[in-house]
There are 2 protein chains.
Amino acid sequence: MSSSTAKHDVFQAIADPTRRKLLQLLSEQEMPVTAISRHFPISRTAVSKHLRILSEAGLVKEQRVGRETRYRMQPEPLEELRSWLAYYERFWDNKLNALKRLVENEHQAESQPAGPRLVEREAGQSSKKG
Amino acid sequence: MSSSTAKHDVFQAIADPTRRKLLQLLSEQEMPVTAISRHFPISRTAVSKHLRILSEAGLVKEQRVGRETRYRMQPEPLEELRSWLAYYERFWDNKLNALKRLVENEHQAESQPAGPRLVEREAGQSSKKG
DNA sequence: AGTATACGAAACCAAAAGGTTGCATGTCAA
DNA sequence: TTGACATGCAACCTTTTGGTTTCGTATACT
């Protein structure tokens with residue numbers, strides 16, 4: 001169900017600091033565009049564009065109410081970020097655990113945890129002329 | 001001690017899909033540039049530039065070994081992403097919990113959880129002409 | 001010494017990003 | 001109906017981004 005054909009994904013959407021502030025603001029409360037743009041030093045149109053990008057990433061939802069368009073945050077797409085991050089958490093967890101073990105055993109030598117040590121090298125095509 | 005003057009932050013660094021693949025690859029094993037670039041359809045120089053950006057964000061570390069530069073992933077900066085994300089987790093947690101409650105109680109009405117309902121409006125300067 | 005390999009730096013380019021101003025349109029208030 | 005407000009859209013501009021090719025230099029191999 002997750003739309004993967006989107007022009008703007010969540011990674012790209014949150015890359016911009018203004019958009020992160022926008023998200024923060026809209027997480028606190030739903031707001032129409034002009035009210036939103038009052039919180040930023042840029043033009044309303046610029047804010048509107050950012051909102052569009054967030055919208056395409058599914059991070060905000062708009063609702064027309066009379067002449068205003070109210071935006072609210074939509075947290076679901078952050079799930080993708082979360083699962084992406086989850087993969088990498090084990091790496092710094094490992095480091096933390098290693099450190100913890102080190103501290104607990106204090107003067108003991110660090111036991112190299114099992115892991116890939118070999119470095120990927122040439123593809124094996126070195127005999128070009130022979 | 002967290003460097004905040006960096007030209008490239010972690011959000012921007014992971015925004016590019018190529019760089020995310022790069023991270024993935026380097027999380028599996030340390031690798032020199034040419035070997036890395038064999039995994040991508042772009043030039044070695046382009047890969048090198050991406051590596052530079054990741055490096056500036058602290059997400060990879062390089063080590064010169066003879067004529068090659070070996071890169072390895074450095075997970076620590078992802079901590080920032082993690083903590084950023086942590087703030088938003090409560091939002092979808094709320095939704096999940098609400099859903100869970102709903103499912104558990106099945107045919108029961110959804111009790112609106114306490115939260116800001118009011119919308120930020122005008123700053124109060126509507127009496128301009130009097 | 002001479003050649004091949006690994007890499008970075010520089011110059012250059014097209015497209016995307018982030019911003020602006022101006023205009024058109026829909027809606028609310030007298 | 002007339003005017004103010006809220007917004008979207010189009011045109012335009014500048015800077016950044018992601019990419020290329022070419023070249024220089026350090027290191028390794030024989």
Side-chain angles (χ1 to χ4, degrees), chain A residues 6-9 11-22 26 30-57 60-72 119-130, chain B residues 6-9 11-22 26 30-57 60-72 119-130:
Chain A
K7 197 169 71 183
H8 288 113
D9 63 0
F11 292 94
Q12 208 253 348
I14 65 163
D16 185 275
T18 299
R19 285 196 290 270
R20 289 199 296 278
K21 278 187 192 168
L22 233 13
L26 293 177
E30 170 174 306
M31 244 187 272
V33 180
T34 306
I36 296 172
S37 67
R38 243 180 264 120
H39 292 252
F40 296 85
I42 60 181
S43 73
R44 176 186 53 78
T45 307
V47 168
S48 213
K49 283 190 191 175
H50 282 302
L51 286 170
R52 157 88 63 143
I53 289 171
L54 288 173
S55 179
E56 281 172 2
V60 300
K61 209 177 70 180
E62 56 251 65
Q63 184 198 5
R64 302 264 354 221
V65 176
R67 58 183 162 179
E68 51 186 38
T69 310
R70 300 198 187 151
Y71 284 87
R72 69 166 63 193
V119 172
E120 186 175 329
R121 303 299 305 277
E122 294 302 316
Q125 288 202 45
S126 52
S127 59
K128 187 165 287 179
K129 195 201 164 191
Chain B
K7 197 169 71 186
H8 288 111
D9 64 358
F11 291 94
Q12 207 254 349
I14 65 164
D16 184 272
T18 299
R19 285 196 288 270
R20 288 199 297 276
K21 279 188 191 167
L22 232 14
L26 293 177
E30 171 176 305
M31 244 186 273
V33 179
T34 306
I36 296 171
S37 68
R38 242 180 264 118
H39 293 252
F40 295 85
I42 61 180
S43 72
R44 176 185 52 80
T45 307
V47 168
S48 211
K49 283 191 191 174
H50 281 302
L51 286 171
R52 156 90 64 146
I53 289 170
L54 289 174
S55 179
E56 281 172 0
V60 299
K61 209 177 69 178
E62 56 252 67
Q63 183 199 5
R64 303 266 351 223
V65 176
R67 59 181 163 182
E68 53 187 38
T69 309
R70 300 199 185 148
Y71 284 85
R72 67 166 64 194
V119 171
E120 184 174 330
R121 305 300 305 277
E122 295 302 316
Q125 292 202 43
S126 53
S127 59
K128 186 164 286 179
K129 195 196 165 194

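Just so we're clear, the structure is a prediction, and the values are computed from it rather than from any experiment. Chain letters run A, B, ... following the sequence lines, proteins first, then strands; residues in each count from 1.
The structure places CG of B:L22 at 13.5 Å from CD1 of B:I14, a figure rounded to the nearest 0.5 Å. How far OG of A:S43 is from NZ of A:K49: 8.0 Å, rounded to the nearest 0.5 Å. The line from CD1 of B:I36 to OG1 of B:T69 is 9.5 Å long, rounded to the nearest 0.5 Å. Note that OG1 of B:T34 is 9.5 Å distant from CZ of B:R67, once rounded to the nearest 0.5 Å. Once rounded to the nearest 0.5 Å, the distance linking CD of B:E56 with CG of B:D9 reads 11.0 Å.
In this model, a side-chain donor or acceptor of A:R67 finds a partner on the base of D:dC5 within 3.5 Å.
In this entry the distance linking CD1 of A:I53 with P of C:dG18 reads 6 Å, nearest Å. One atom, CD of A:E56, and another, P of C:dG18, lie 12 Å apart when rounded to the nearest Å. In this entry the distance linking CD of B:E68 with C1' of C:dA6 reads 8 Å, nearest Å. When the P atom of C:dT20 is taken as reference, atom CD1 of A:I42 falls 6 Å away, rounded to whole Å. B:F40 places its CZ atom 13 Å from the P atom of D:dT20, with the value rounded to the nearest Å. The distance between atom CE of B:M31 and atom P of C:dA6, rounded to the nearest whole Å, is 15 Å. In this structure, A:R52 places its CZ atom 15 Å from C1' of C:dA17, rounding to the nearest Å. D:dT7 atom P lies 9 Å from atom CZ of A:R38, rounded to whole Å.
Residue B:S43 places at least one side-chain N or O closer than 4.0 Å to OP1 or OP2 of D:dT20. At C:dA17, one or more side-chain N or O atoms of A:Q12 fall inside 4.0 Å of OP1 or OP2 (strictly under the cut-off). An OP1 or OP2 oxygen of D:dG19 is reached within less than 4.0 angstrom by a side-chain nitrogen or oxygen of B:H50.
Within 4.0 Å of A:Y71, counting heavy atoms only, lie sugar-phosphate atoms of the nucleic acid but no base atom. Heavy atoms of A:R64 sit nowhere under 4.0 angstrom from any nucleic acid atom. At the heavy-atom level, B:S48 lies under 4.0 Å from the strands shown only through sugar-phosphate atoms. B:E62 comes within contact range of no nucleotide atom at all, as no heavy-atom separation falls under 4.0 Å.
In terms of position along DNA chain D, the nucleotide closest to A:T69 lies nearer the 5' end than the nucleotide closest to the other residue of the pair B:R44 and A:T69. Between A:G66 and A:K49, the one whose closest nucleotide on DNA chain C sits nearer the 5' end is A:K49.
Of the listed residues (B:E30, B:E62, B:M31), just one forms a side chain to side chain contact (heavy atoms under 4.5 Å, CB included) with B:R70, and that residue is B:E30.
Among the nucleotides D:dT21, C:dC7, C:dT20, the one closest to any side-chain atom of A:A46 is C:dT20. In the set D:dT7, C:dG18, D:dT20, the nucleotide with an atom closest to the side chain of A:R19 is C:dG18. The side chain of A:T45 has C:dT21 as its nearest neighbour among C:dT21, D:dG19, D:dT22. Nearest to the side-chain atoms of B:T34 among the listed nucleotides C:dC7, C:dG19, D:dA6 stands C:dC7.
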